[in-house]
Amino acid sequence: TCAFAGQKKVLAAYEEAVKCGYSGARAGRLHTPHGVFDTPMFMPVGTQATVKAVSPRELKEMGAQIILSNTYHLYLRPGTELVAEAGGLHRFMDWDGGILTDSGGFQVFSLGPLRKITEEGAAFRSHIDGSTQFLSPEIAIKAQMNLGADIIMAFDECIPYPAEYQYAKLSTERTTRWAERSQKAHTRSGQALFAIVQGGMYQDLRRVSANDLVSLDFPGYGIGGLSVGEPKPVMYEMLEQTVPLLPENKPRYLMGVGTPDCLVEAVRYGIDMFDCVFPTRVARNGTAMTKSGRLVVKNAAYAKDFLPIDENCGCYACQNFSRAYIRHLLKADEIFGLRLTTIHNLYFLLDFTKKMRQAILEDRFLSFREEFLAQYCK
Ligand SMILES: Nc1nc2c(CCNCC3CCCCC3)c3[nH]c(NCCc4ccccc4)nc3cc2c(=O)[nH]1
Ligand SMILES: [Zn+2]
């Protein structure tokens, strides 16, 4: 099971926080069949059963605990039965840490060119061969049981932004019915099924969604329908409305959020888990993440810069190579260049969540947040 046990709540800081502004920040431990993991945590994304350009050994070395994979992609190719025959995702990709799979809801609505949503589920065209496919709560849960992740997600609709109130209401109610169907279809013990809170950008719908899903009693909760183009203050407002309604002793997973300024704000509201393609995606076009913002190492300015991307960074790229060298590799289309920027960006975010955890445990999270935000330009 996936119990959120042994969470350490530093009451003194919270008391202080409550007086000068809400802080639900917490440092917890997540129990799964593949280990006990520290939160807050960033989860590297491996869409097709690989975190692009890095090996499982390098992921372990940089401190990755749980990685993501995607039901939508693996269902289309190579097929989830094949992965089950291979012994499941952990065996297939040689990863013995934690794995979380998304249910495919988001990808169907964001990748699928054609999409028709009914009470039954979602019809879409495969982005690989254009064939017509169909996903429902039952199909998505069966696929995730085949893949064998430690944490799986209920089949949901990520409401687009902006959306009319009426549409958001109907979709959120349907997502709750889909969560119940996901729960009924989930028969694999030792595997945790998280529900996903929706509600668009409407406070009342967010509260109804959270309350309905809490009464269905899941071991953890994703917060969906955010980071879909809404202004950041709106995202924070939705978090403020939603997170306090979720059980304190269960993990909260903010889906698709991955820049450090958003992570530190979300942790303040009580989020424990994050995933985002951002760090690996921008790495592949030569952008490195640093505590003062982004550094486009491909720029001519770094042609003769023999310093590392970040001299205080402990990652393999910063310990051994210069900006000039990495820029040269990227300009020469050398795969090793992408590997180095990816390793740096993943290490940066994994290390950032470790630093937030330490700050929470030492009663200094709010000052950590202030200092970080002062230095980080979006
Ligand atoms: N079920 C579900 N998933 C969501 C996701 C996918 C989370 N990442 C899965 C991961 C699995 C492995 C393959 C990759 C995806 C979201 N991602 C975002 N924003 C990302 C916004 C973004 C940020 C940077 C770059 C691109 C997009 N909002 C999301 C909302 C939902 C949601 O309501 N329901
Ligand atoms: Zn580095």
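Start at 1 and go down the list; that is how both ligands and their atoms are numbered.
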Check: Is the closest basic N to carboxylate O distance between Lys354 and Asp38 below 4.0 Å?
Finding: no

Item checked: Contact check, side chains of Ile141 and Thr187, non-hydrogen atoms, under 4.5 Å -> no

Item checked: Any N/O pair Thr47/ligand 1 closer than 3.5 Å -> no

Check: So which of Val277, Val51, Leu68, Val257 gets nearest to atom 27 (C) of ligand 1, if we judge by its closest heavy atom?
Finding: Val277

Notebook entry, point to check: Which protein heavy atom lies closest to atom 6 (C) of ligand 1, and at what distance to 0.1 Å?
Noted result: Asp102 OD2, 3.3 Å

Check: Is Arg177 salt-bridged to Glu119, cutoff N-O under 4.0 Å?
Finding: yes

Next item on the list: Identify, by atom number and element, the atoms of ligand 1 in contact range of Gln107, meaning under 4.0 Å from any of its heavy atoms.
Entry: 15 (C)

Margin query: What I want to know is whether Asn70 and ligand 1 share at least one N or O pair that is separated by under 3.5 angstrom.
Written below: no

Notebook entry, point to check: Salt-bridged, Lys291 to Asp310, with N to O below 4.0 Å?
Noted result: yes

Checklist line | Carboxylate-amine/guanidinium contact Lys232 Glu265, below 4.0 Å | finding: no

Check: Under 30°, 30 to 60°, or over 60°: which ring-plane class applies to Phe218 and Tyr221, parallel, tilted or perpendicular?
Finding: perpendicular

Next item on the list: Classify the ring geometry between Trp178 and Phe155 as parallel (under 30°), tilted (30 to 60°) or perpendicular (over 60°).
Entry: tilted

Next item on the list: With heavy atoms of Gly225 as the reference, note each atom of ligand 1 found under 4.0 Å away.
Entry: 30 (C), 32 (C), 33 (O)

Next item on the list: Would you mind running through ligand 1 and noting each atom that sits below 4.0 Å from a heavy atom of Val45?
Entry: 12 (C), 13 (C), 14 (C)

Checklist line | N-O pairing of Lys60 and Asp96 below 4.0 Å | finding: yes

Notebook entry, point to check: Are Leu226 and Tyr165 connected in a single hydrophobic cluster, I mean Ile/Leu/Val/Met/Phe/Trp/Tyr linked by side-chain heavy atoms less than 4.5 Å apart?
Noted result: no

Notebook entry, point to check: Heavy atom under 4.0 Å from ligand 1: found in Thr101's side chain, backbone, both, or neither?
Noted result: neither

Note to self: Quick check for you: with the Zn ion (ligand 2) as the vertex, what angle do SG of Cys318 and SG of Cys313 span, to 10°?
What the structure shows: 110°

Notebook entry, point to check: Given that the side chain starts at C-beta and the backbone is N, CA, C, O, which of these parts of Arg281 lies under 4.0 Å from ligand 1, counting heavy atoms, or is it both or neither?
Noted result: side chain

Note to self: Test of understanding: given a 4.0 Å heavy-atom threshold, classify the contact between Asp156 and ligand 1 as side chain, backbone, both, or neither.
What the structure shows: side chain

Item checked: Ligand-side contact atoms (ligand 1) for residue partner Ile196, heavy atom cut-off under 4.0 Å -> 1 (N)

Margin query: Could you tell me, atom by atom, which parts of ligand 1 come under 4.0 Å of a heavy atom of Gly224?
Written below: 32 (C), 33 (O)

Item checked: Considering only N, O or S atoms of His344, the one closest to the Zn ion (ligand 2) -> ND1

Next item on the list: Give the ring-plane orientation class for Tyr316 versus Phe336, where under 30° counts as parallel, over 60° as perpendicular and anything between as tilted.
Entry: perpendicular

Item checked: Side chain, backbone, both or neither: the part of His73 lying under 4.0 Å from ligand 1 by heavy atom -> neither

Check: In the protein, what heavy atom is nearest to atom 31 (C) of ligand 1, and what distance, to one decimal place, separates them?
Finding: Phe106 CD1, 3.6 Å

Next item on the list: Flag the pair Glu164 and Lys169 as a salt bridge only when some basic side-chain nitrogen lies within less than 4.0 angstrom of an acidic carboxylate oxygen.
Entry: no

Margin query: Are any of the N/O atoms on Asp275, whether in the backbone or the side chain, positioned under 3.5 angstrom from an N/O atom of ligand 1?
Written below: yes

Notebook entry, point to check: In the protein, what heavy atom is nearest to atom 17 (N) of ligand 1, and what distance, to one decimal place, separates them?
Noted result: Gly256 CA, 3.4 Å

Item checked: Any N or O of Leu226 closer than 3.5 Å to N or O of ligand 1 -> yes

Next item on the list: Please state whether Gln198 comes within less than 4.0 angstrom of ligand 1, counting heavy atoms only.
Entry: yes

Next item on the list: Could you check Glu157, Glu120, Glu180 and say which one makes a salt bridge (Lys or Arg N to Asp or Glu O under 4.0 Å) with Arg174?
Entry: Glu157

Notebook entry, point to check: Is Ser69 close to ligand 1, meaning an N/O of one under 3.5 Å from an N/O of the other?
Noted result: no

Check: Which class fits the ring pair Phe124 and Tyr72: parallel under 30°, tilted 30 to 60°, perpendicular over 60°?
Finding: tilted

Note to self: For the 3.5 Å polar cut-off, considering only N or O atoms, please tell me whether Cys276 and ligand 1 meet it.
What the structure shows: no

Check: Which option out of Cys158, Ser227, Gly258 puts a heavy atom nearest to atom 21 (C) of ligand 1?
Finding: Ser227

Note to self: Donor-acceptor pair, distance only, cut-off 3.5 Å: does the side chain of Ser103 make one with the backbone of Ala140?
What the structure shows: no

